[in-house]
Structure formats: structure tokens, C-alpha cells
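Just so we're on the same page: letters track the sequence lines, and every chain starts at 1. Heavy-atom basis, side chains included; hydrogens, waters and symmetry copies ignored.
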Amino acid sequence: MRDSSSWHPTAYRTHTIGQVVSNGEELEGKEVTVAGYAETVRGRGAICFLMLRDGTGQIQAFLKRDNMDESLFESVQSATRETTIQVTGKVAKKRPPKVAEGEPIPPPEFEVNVVSGAILAMAAAPLPVGVTDEVNVGLDVRLDNRHLDVRRAHVNAMFQLRSKVLQYGREHLISEGFQEINSPKIIAAAAEGGTNLFPMKYFETDAYLSQSPQLYKQLAVLGGLERVFEIGPAFRAEKHDTYRHLNEFVSFDIEGAWMDDDDVMGVQERMIHHIWSCVSSNDQALIDVVNEYRASQGKEPVTVEVPSMPFPRIPYCDAIEIVKQGGGDIEWGDDIESHHCDIIAAKHPGFHFIPRWPMSMKPFYIHHKEEEKGSSGGQLSRGFDLNYGRDEMTSGGAREHRVEILEENLRGMGLDPADFTFYTDGFRYGAPPHAGWGLGVARLLMVLTGAGNVREVVLFPRDRSRVTP
RNA sequence: GCCCCGAUGGUGUAGUGGCCUAUCAUGCAGCCCUGUCGAGGCUGCGACCCGGGUUCAAAUCCCGGUCGGGGCGCCA
């Protein structure tokens, strides 16, 4: 549950439930008003126990028929699960539970002895997805009812972790001098080729949803912003249907001037190291909630092991050798596919970079050095990936800053430089060498939370067959 | 786009031709008990994806459809 110790009172409550739970000793005997979802309502006679939950904790409210308005007592007693209820009453110690002989007596807990309150919104019954039920629910049904699904403790914890990951990532980049930007998501042309874009109508002209902030973050750097980052959506009209792909996803992008691929790999490993360190020291409680659920499903717990730096660098040529030695069918110039990644991951568990891909496999804006050739003689690039296990987290690289080579690359990939003047013009008046990367936020969270599907860690995922809710 | 698999109460499931008037859990409704606390006890409610076919007989077999899952491809 979230730490709400510094939250202010609101129109609907004097305290969060978390505040009452953690300051019970101080608040004992004082009147508080709390509000939350009814998790269980027990008791049909003269007394009634209401378990209330808000985003910060759970507390029992104790109701005695004689202590309040009859109609309030009746309505709370007949409230359905997940109904939102506000109650006012004095904080009191709960009667201690009966414990077996020899068992330790648990620390005192507190409850609210209700004298007044109100039903805020009645929940329909039955719930399409039980919030506290132990039955498994399929992902599709959960996503159809995400608003209820997120009330479940472990799902809630995963989204809190998501927020933390973004916060720590931001913190780290800002500490290294990066500034946050926002690039347009409505673009005029198929910016890079390679992937299918979603077309849209922009008044009277055709436009597309952006597949990546790539070219715009480069323009920001060329414009003198030096070090920039953006956390924003990217859209790809690919008909993939896997645990790791979505048609709308949040990309964590950076771009820095006077840097090359090695420099930005350093930024990335320091950032991931910072994120893991912070989660490890601040947010173990959230991981515990996830693990409690995993245990109920018979799954291994996830552990937050802070990766040591530097992360291994396995150049493309070496990676090909590792796959070959591991029995994989692959040649220099082939893409390293998921099943090849399994072979590499067996040797390098955890995060690892794969730098120096063949230039022929990289987009036109990736930099190359003419003298750097691969084991088979082909031209190498300064593009890299960051992998974890079988999954690609990041793609990045040093960017080509020589405009004549950019135009040559465009022509070489069957693209017309005339379509890219909005971009190439940025390089005509002096361009700093620069580098950057784009990281899939949901994929990183899969590693952290042990989620087996990116949809788990995306609130309202958009895939091939889902545009609602 | 390719390959494989699946669809049973609100949810998750058992069920491979007649023993199904369909199992269990959870849920929901009601009753009893109760300062309960993973509350407990009792009673009840609620389902075989759609269309066609085979058969004396179909939840079960076959065909088509729809929806979903897994793997792969595609994908900065």
C-alpha cells in the first residue's frame, strides 16, 4: 500500500486509512472520517463488521445498531462488495484475535467505531472480476474490466512500481544533465520506413501517428539542447500478436550531443542500475505484494538484484559465434532472433549489450566508421541493442551527423532524401556528433515485476484486437 | 501472414457419446450464529459460444463461423 503519511485531508476524509493504521496509538480515542471500498461486510444482527480499503491501507469499521441512525446501519449491512462508503467514528483498539496456546500475540490493531457515515456509490453485484477472490481470471476478462482489476493488490502494486521506475529513470537522467522534451505524435511522412504507420486525417491532409520520437529528438539535439529525453507513446501498425508487442507503447528515449554509442550505453546502464537500486531500497514492500500473489499461483518469487556494472558487451560478431557454438543456425548478417537470444542468455543471464551490428541491418540514421568491418568483412555500424534474456529492451546507437552520408544511406535503403528535408536540413549548418537510445518501458517492467506479458504492466493496452476500454 | 490449441453459471474449472435433471471452488440471495477477522454453519440461484451435420442418443464426434490462448514471423 502507498505511503500516505504526508497526504492532506480532503472533502471526503480527515485521514487516509493508511494514516489511521500506522498512527493508531496517537489517534486512539479521536474521531476520524475515512472513505473506501467495502471489501467485506459481515454480520447480520445487531453488529456489523465492514472491511474498508482505500489506496493506502485497509481497516475494519465496527458498527453497532444502537450507535447510529438505523437507516445507515441497514444500508451498510446490505452494501455489496466494492461499494464506496464513508464512515466517521473514534479510533479504537480492536479486540485481539484468539490465538492458539503458545502462539505469539500479534501487535495491536485499530478499527473505527462508527457513529455516522454514508454510502457514496453502491456497487453492482456480482462483480465481473472479483477483487479479493482467489479464483484465477483470464487476462482478457481482466483487461475488459481493468478498472476493477487494478483494485487487486498485486495489480495495483505493479502500477505503483511502474510509476517508480519512471520516476527513478527521470531522476537519474536529470542528474546527468538531460532535459525532458515532448515531440509531435502527428507526423506528415513515413518518417523512417521499416514499419507500418497508422494513417490519419489531419484536416485536409494525410498524416500518421508517430512510430518513434527518433528524428525529432535528434533535431532537438542539433538545435543545441545538448541532452534530451522523452517518455512518450509510439504507434506501430504491425500485426504482431505476442507477449512483448503492442501497437501503442511508451518509449523511454534519450539523445545526447558529443556522445557516441559507448557513451550512451554508459548512461543506460547507470540509469538501470539507479532504478534497480532505488526499487531495492525503497519499494521492497511492493515487490512483496507481487510475490504474495505469485506464491498463490505457484510461481517463483521475483527478486530485485541490482545488476553490476558494466553490463557485458557482446559485439554482434561474437554473438553470432556464441549462437553457432550453441547449436543455432545463423550466419553473419542474419538477425538474432528470440530463440538465438535464448542461447546467448544462457551464457549471459541478466542485462547485456549487443553492440556493432552490421550496417545493412540498421536504419539510415545510424553512424558507421568506414574502417570497422565485421568478421565476414561486412560494414559494421555503431548501433546496439540491450537485451535481457530473450527480450530486446533497447535499440540505440551513435547517429550519423554527416549530411551527405545520411542522404547516401537514405538512397541506399530505397528512400528519397527529398522526403526527409525536414530532418536532413537540421544537419546542414553544423551538427554535433550524437547518440541515443529508446527503451521499451513495459519490457523493462516485465523484467522487474516478473510479468509474463507486457499487457500486465500497461493500464489500457492497445493490441491488434483491442482498442477498448 | 503461418502453425498449434481452446470456448461449460458472474469468475475459474471437472466432464472424451447414454451414468449430465452437468462437478467443484468462488460469487450471488436468504437464514442461523457471532467482536467477527482467510469467520463459521445451513438452504437456495446461476452455465454447455453460434449455425449446420452424424447418431436411437451430442457438452462430448464432424463441418463452417465467431471469439480467445500459445508459438513463430513481421517489427529501430
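Pairing for B/G1 goes to B/C72, judged as Watson-Crick or G-U wobble with the two contacts each under 3.5 Å. A 3.5 Å limit on both hydrogen-bonding distances identifies no Watson-Crick or G-U partner for B/C37. Summarising the base pairing, B/U21 is matched to no nucleotide, lacking a Watson-Crick or G-U wobble pair whose two defining distances lie under 3.5 Å. The partner of B/C48, taking Watson-Crick or G-U wobble pairs whose two distances both stay under 3.5 Å, does not exist in any strand shown. If you check B/U54 for Watson-Crick or wobble pairing at under 3.5 angstrom, you find it has no partner at all. With a cut-off of 3.5 Å on both Watson-Crick or G-U wobble distances, the partner of B/G30 is given as B/C42. Of the nucleotides present, B/G6 is the one that pairs with B/C67 by Watson-Crick or G-U wobble criteria, both distances under 3.5 Å.
Residue A/R42 places no side-chain N or O under 4.0 Å from the OP1 or OP2 atom of B/U36. When the side-chain nitrogen and oxygen atoms of A/R81 are compared with OP1 and OP2 of B/C28, one or more of them lie within a distance under 4.0 Å.
Legend: salt bridge (Lys or Arg N to Asp or Glu O under 4.0 Å) pairs involving residues 456-469 of chain A, not counting sequence neighbours, sorted by first then second residue: A/D140-A/R466, A/R142-A/E456, A/D144-A/R466, A/R455-A/D463.
The nucleotide whose nearest atom lies closest to any side-chain atom of A/D140 is, among B/G69, B/C74, B/U36, B/G69. Side-chain atoms of A/D133 lie closest to B/U26 of the nucleotides B/G70, B/G1, B/U26. When distances are taken from the side chain of A/E238 to each of B/G73, B/C74, B/U36, the shortest belongs to B/C74. Among B/C74, B/G27, B/G71, the nucleotide with an atom closest to any side-chain atom of A/P126 is B/G27. The nucleotide whose nearest atom lies closest to any side-chain atom of A/P128 is, among B/G10, B/G35, B/G71, B/G10. If you check B/G35, B/A29, B/C74 against the side chain of A/K94, the one that comes closest is B/G35.
Closest approach of A/G36 and A/D54 over heavy atoms only: CA-CB, 4.4 Å. In this structure, A/S210 and A/I187 approach most closely via the heavy-atom pair CA-CD1, 3.9 Å.
A salt bridge (charged side-chain N to carboxylate O under 4.0 Å, His left out) with A/K217 is found for one member of A/E230, A/E255, A/E180 and no other, namely A/E255.
Here, B/G15 and B/U54 have their P atoms 29 Å apart, quoted to the whole Å. Comparing the C1' positions of B/U66 and B/C49 gives an interatomic distance of 8 Å, to the nearest angstrom. Between the C1' atoms of B/C48 and B/C61, the separation comes to 16 Å (whole Å). Rounded to a whole angstrom, the distance from the C1' atom of B/U34 to that of B/A39 is 9 Å. B/G6 and B/G64: their P atoms are spaced 15 Å apart (whole Å). Comparing the P positions of B/U16 and B/U60 gives an interatomic distance of 12 Å, to the nearest angstrom. Rounded to whole Å, the C1' atom of B/C75 lies 46 Å from the corresponding atom of B/G38. B/U26 and B/U13: their C1' atoms are spaced 11 Å apart (whole Å).
Among the atoms of the strands shown, only primed sugar atoms or phosphate atoms (P, OP1, OP2) are found under 4.0 Å from some heavy atom of A/R390. Here A/V137 lies in heavy-atom contact (under 4.0 Å) with sugar-phosphate atoms only. Residue A/G138 is in sugar-phosphate contact alone, with no base atom involved, counting any heavy-atom pair closer than 4.0 Å across all strands shown. Base engagement by A/T242 is indicated by at least one non-hydrogen atom pair under 4.0 Å involving a base atom. Across all strands, A/R466 comes closer than 4.0 Å to no nucleic acid atom at all (heavy-atom distances). Looking at heavy-atom distances under 4.0 Å, A/E337 makes contact with sugar-phosphate atoms alone, never a base.
In this model, no side-chain donor or acceptor of A/K239 finds a partner on the base of B/C75 within 3.5 Å. Residue-to-nucleotide contacts include no donor-acceptor pair under 3.5 Å from the side chain of A/H240 to the base of B/C75.
Rounded to a whole Å, the CD atom of A/Q60 is 8 Å from the C1' atom of B/G35. Rounded to a whole Å, the CZ atom of A/R152 is 13 Å from the C1' atom of B/U26. We find that CD of A/Q77 is positioned 13 Å from P of B/C33, with the value rounded to whole Å. The separation between A/D144 atom CG and B/C67 atom P is 14 Å, rounded to whole Å. Between A/R464 atom CZ and B/G69 atom P there is a gap of 11 Å when expressed in whole angstrom units. When rounded to the nearest whole Å, the span between NE2 of A/H339 and P of B/G73 equals 7 Å. A/L139 has its CG atom 7 Å from the P atom of B/G69, to the nearest Å. The nearest whole Å value for the distance from the CG atom in A/N136 to the P atom in B/G69 is 15 Å.
Both A/K64 and A/K362 lie close to RNA chain B; mapped to their nearest nucleotides by heavy-atom distance, the more 5′-ward contact belongs to A/K64. Toward the 5′ end of RNA chain B lies the nearest nucleotide of A/K93, the other residue of the pair A/K93 and A/S338 mapping further downstream.
The closest side-chain donor-acceptor pair between A/H368 and A/Q379, if any, does not fall under 3.5 angstrom.
Taking a centre distance below 5.5 Å and an interplanar angle below 30 degrees as the stacking criterion, A/F62 stacks against the six-membered base ring of B/G35.
Side-chain contact between A/V267 and A/F178: present, with at least one pair of heavy atoms (C-beta onward) separated by less than 4.5 Å.
Proximity of a side-chain donor or acceptor of A/T83 to a complementary backbone N or O of A/A79 within less than 3.5 Å is not detected. Without hydrogens or angle criteria, A/R81 side chain to A/A38 main chain gives no donor-acceptor distance under 3.5 Å.
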**Request:** For the pair A/K324 and A/E331, evaluate salt bridge (charged side-chain N to carboxylate O under 4.0 Å, His left out) and give the outcome as yes or no after the intermediate values.
**Result:** CA-CA 8 Å; A/K324 276 185 178 168; A/E331 291 303 325; 3.6 Å; yes
